Amino acid sequence: MYILNISYIKSLESIDSLLEEHIKFLEKHYSEGIFIASGRKIPRSGGIIFVKNITFEKLEKIINEDPFKREGAAEYEIIQFTPTMMAEGYEILKDATS
């Protein structure tokens with residue numbers, strides 16, 4: 001699976017102007033079963049998205065759909081990992097790696 005570490009590189013005003021479209025982007029990929037969890041960083045300097053295991057090429061295509069990326073408002077760091085241990089109740093994360 002992947003962790004997408006998103007860092008804003010434009011003002012929060014710019015981010016807020018793209019927020020509605022960004023939420024639609026998130027909803028699309030949740031409905032497709034690709035995104036697992038997401039949210040803002042604290043302080044509000046970006047966000048995090050957990051993504052199930054897909055090809056790197058497909059992930060890059062998805063990232064390029066994000067209005068934050070498309071408009072140059074944020075940078076993405078892609079971290080790939082395989083969860084091997086998890087707390088009780090989070091076993092579904094193992095399903096995200098297959």
Side-chain angles (χ1 to χ4, degrees):
M1 69 184 292
Y2 300 91
I3 297 173
L4 302 180
N5 181 16
I6 303 163
S7 298
Y8 301 149
I9 56 176
K10 287 193 175 176
S11 69
L12 287 179
E13 185 176 274
S14 296
I15 294 299
D16 287 341
S17 72
L18 298 167
L19 195 55
E20 186 176 328
E21 189 180 356
H22 175 72
I23 291 169
K24 289 178 184 176
F25 158 80
L26 293 171
E27 290 171 343
K28 173 186 175 187
H29 295 292
Y30 273 111
S31 70
E32 293 174 350
I34 294 171
F35 288 174
I36 298 167
S38 61
R40 292 180 179 168
K41 293 181 194 176
I42 300 171
R44 190 176 172 208
S45 60
I48 300 289
I49 303 173
F50 289 0
V51 183
K52 74 177 222 169
N53 192 34
I54 57 177
T55 66
F56 192 80
E57 293 77 20
K58 184 172 183 176
L59 180 62
E60 285 184 313
K61 183 178 177 188
I62 288 170
I63 289 170
N64 287 328
E65 293 175 10
D66 185 356
F68 291 171
K69 173 76 171 178
R70 185 191 67 229
E71 300 300 324
E75 294 178 329
Y76 272 77
E77 176 187 11
I78 301 169
I79 303 164
Q80 186 174 18
F81 81 108
T82 301
T84 54
M85 294 181 69
M86 63 237 22
E88 187 175 324
Y90 293 91
E91 295 82 7
I92 194 162
L93 289 175
K94 283 193 177 186
D95 294 339
T97 62
S98 54

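All of these numbers come straight from a predicted model, not from anything done at the bench.
Taking CD1 from I49 and CZ from F35, the interatomic distance works out to 4.5 Å, rounded to the nearest 0.5 Å. With values rounded to the nearest 0.5 angstrom, I62 atom CD1 is found 14.0 Å from K69 atom NZ. In this structure, OG on S38 lies 11.5 Å from NE2 on H29, to the nearest 0.5 angstrom. Note: E65 CD to E21 CD = 10.5 Å, rounded to the nearest 0.5 Å.
Between Y30 and I36 there is no side-chain heavy-atom pair separated by less than 4.5 Å. Contact annotation: the side chain of Y76 never approaches that of N5 to less than 4.5 Å [non-hydrogen atoms, C-beta and beyond]. Counting heavy atoms from C-beta outward, I48 and L4 have side chains that stay 4.5 Å or more apart. Between E77 and S7, the closest side-chain pair of non-hydrogen atoms is not below 4.5 Å. K41 places none of its side-chain heavy atoms less than 4.5 Å from the side chain of I6. Two residues are said to be in side-chain contact when any heavy atoms from C-beta on lie closer than 4.5 Å; V51 and M1 fail this criterion. When side chains are defined from C-beta on, E27 does not count as touching E32, because their heavy atoms never get closer than 4.5 Å. Within the 4.5 Å cutoff, the side chain of P67 has heavy atoms near those of the F25 side chain.
Across all non-hydrogen atoms, the minimal contact from A74 to I9 is N-CG1, 3.7 Å. Heavy-atom minimum distance, L18 versus F68: CB-CE2, 3.7 Å.
The salt bridge (charged side-chain N to carboxylate O under 4.0 Å, His left out) check on E75 picks up nothing, with sequence neighbours excluded.
A salt bridge is defined here as a Lys NZ or Arg NE, NH1 or NH2 lying under 4.0 Å from an Asp or Glu carboxylate O, and D66 with K24 fails to meet this definition.
In the model, S11 has a side-chain atom that pairs as donor or acceptor with a side-chain atom of S14 under 3.5 Å.
Atom NZ of K61 sits in a sparse spot, with 12 or fewer heavy atoms from other residues, nucleotides or ligands closer than 6.0 Å.
Looking at I63, I79, I34, I54 one by one, the single match for side chain to side chain contact (heavy atoms under 4.5 Å, CB included) with Y2 turns out to be I54.
When the side chains of ILVMFWY residues are joined at heavy-atom separations under 4.5 Å, either directly or via intervening members, L26 and I78 end up in a single hydrophobic cluster.
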